[in-house]
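Report on the following structure.
To find a chain, count down the sequence lines: A is the first, B the second, and so on, and within it residues start at 1. All of these numbers come straight from a predicted model, not from anything done at the bench. Values below: every heavy atom of this structure, side chains too, minus hydrogens, waters and symmetry copies.
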Number of protein chains: 2
Amino acid sequence: MSTTYTIGQVSTALNIPSSTLRYYDKLHFLPHLKKSASGIRQFDQADIDTIRIIECLKLAGLSIKEIQQFTQMLAEGDASLAKRQQFFHQIRQNFIQKLTQMQQTLAVLDFKCAYYDQAAADGTEALVQKNMSLSSVIPDQPALPTNSPV
Amino acid sequence: MSTTYTIGQVSTALNIPSSTLRYYDKLHFLPHLKKSASGIRQFDQADIDTIRIIECLKLAGLSIKEIQQFTQMLAEGDASLAKRQQFFHQIRQNFIQKLTQMQQTLAVLDFKCAYYDQAAADGTEALVQKNMSLSSVIPDQPALPTNSPV
DNA sequence: CCTTGACTTAAAGTTAACTTTAAGGATTAT
DNA sequence: ATAATCCTTAAAGTTAACTTTAAGTCAAGG
């Protein structure tokens, strides 16, 4: 019989509202979660670990439905090991793509910081507009039609 | 008189729905956007550049309201240069924090991939549960009360 | 004994960021 | 010239992920 915790304790410890934990339970995010005779949820360490992985999956950009796919696999036990392996490799691939895109975004922010550092020093945007080009940082936009349409 | 583009051309070129471009206009994201006598929007290169920066700010996690703050500064011209400088430095700081957190998340995903690679090879999760610990990758959880509350 | 506070449920409400609809005017293709 | 395709507006609808509300149970403290 391992130690268990009430929803309030878990809420405080992980800094997640109780309402959210109940919502997760309703979505079957915690397939092993037990309840007392009077209906009180009893979280054990495995449940808490699952919640922490769910937080991680959310940070990785997964939707509720995608997380449900995962927790359903959890409920299937060892039979779903290969599926879970594939699942995480896929998530990781997508996540690395997202990280790469964010590096690009950081480059733009770096550029804009340098741009406004110079503009503020100049007291005007006019000079810097001539001399600093965003296209040095991001790929040029897809071609627009060259005719004036209006 | 520089070349201008219709909303449809911009929509196609930047792969943003026309409805979204109109929505942005309604929110005053494009302070310099002109309209023809008959009310047709005429996007010029500066407007397009602004849209691309807005896309970047969205990727950086800014809300519509925060983007509105920025476009309002744009409308103020050189008078807002110092504000815009601060704005971008702040955005950049927050963004770097987010990137750092994502590196952490990647570490968890790496762990989970290795975990399930081994589990799938073993054919069971039992072994790997004993031998691989997530806490090697993420800081231990904040302490939970040690008494069993139920 | 009765109040306080944590817990329960189902269901309605919230927020952000679009997206669609309805009703109609202007431009382009055949 | 006339149908198709763009454009306009204001307003209502959508979706995700919670969050709040209403109504009620239950155990412990003064």
Between [N] ([atom2]) and [X] ([atom1]): distance, integer Å:
{"X": "B:Ile7", "N": "C:dA26", "atom1": "CD1", "atom2": "P", "value": "18 Å"}
{"X": "A:Leu21", "N": "C:dA6", "atom1": "CG", "atom2": "P", "value": "16 Å"}
{"X": "A:Asp25", "N": "C:dA10", "atom1": "CG", "atom2": "P", "value": "11 Å"}
{"X": "B:Phe43", "N": "D:dC6", "atom1": "CZ", "atom2": "C1'", "value": "14 Å"}
{"X": "A:Ile40", "N": "C:dA6", "atom1": "CD1", "atom2": "P", "value": "12 Å"}
{"X": "B:Gln42", "N": "D:dC6", "atom1": "CD", "atom2": "P", "value": "18 Å"}
{"X": "A:Tyr5", "N": "C:dA6", "atom1": "OH", "atom2": "C1'", "value": "19 Å"}
{"X": "A:Lys35", "N": "C:dC7", "atom1": "NZ", "atom2": "P", "value": "13 Å"}

From the options A:Ile64, A:Thr71, A:Leu62, select the one residue that forms a side chain to side chain contact (heavy atoms under 4.5 Å, CB included) with A:Leu57.
A:Leu62
Non-neighbouring partners of B:Asp78 that pass salt bridge (Lys or Arg N to Asp or Glu O under 4.0 Å), sequence neighbours left out:
none
For B:Glu66, which residues count as a salt bridge (Lys or Arg N to Asp or Glu O under 4.0 Å) partner, sequence neighbours excluded?
none
Phosphate OP1/OP2 of [N]: any [X] side-chain N/O under 4.0 Å:
{"X": "B:Arg41", "N": "D:dC7", "result": "no"}
{"X": "B:Ser18", "N": "D:dC6", "result": "no"}
{"X": "A:Ser38", "N": "C:dC7", "result": "no"}

Less than 4.5 Å apart, side chain to side chain, heavy atoms only: is that true for [X] and [Y]?
{"X": "A:Gln72", "Y": "A:Glu76", "result": "yes"}
{"X": "B:Met102", "Y": "A:Phe95", "result": "yes"}
{"X": "A:Leu33", "Y": "A:Thr50", "result": "no"}

Separation of A:Tyr115 OH from B:Gln85 CD (nearest 0.5 Å)
12.5 Å
Its contact letters, B for base, S for sugar-phosphate only and - for none at protein heavy atoms under 4.0 Å, make nucleotides 16-25 of chain D read -BBBB-----
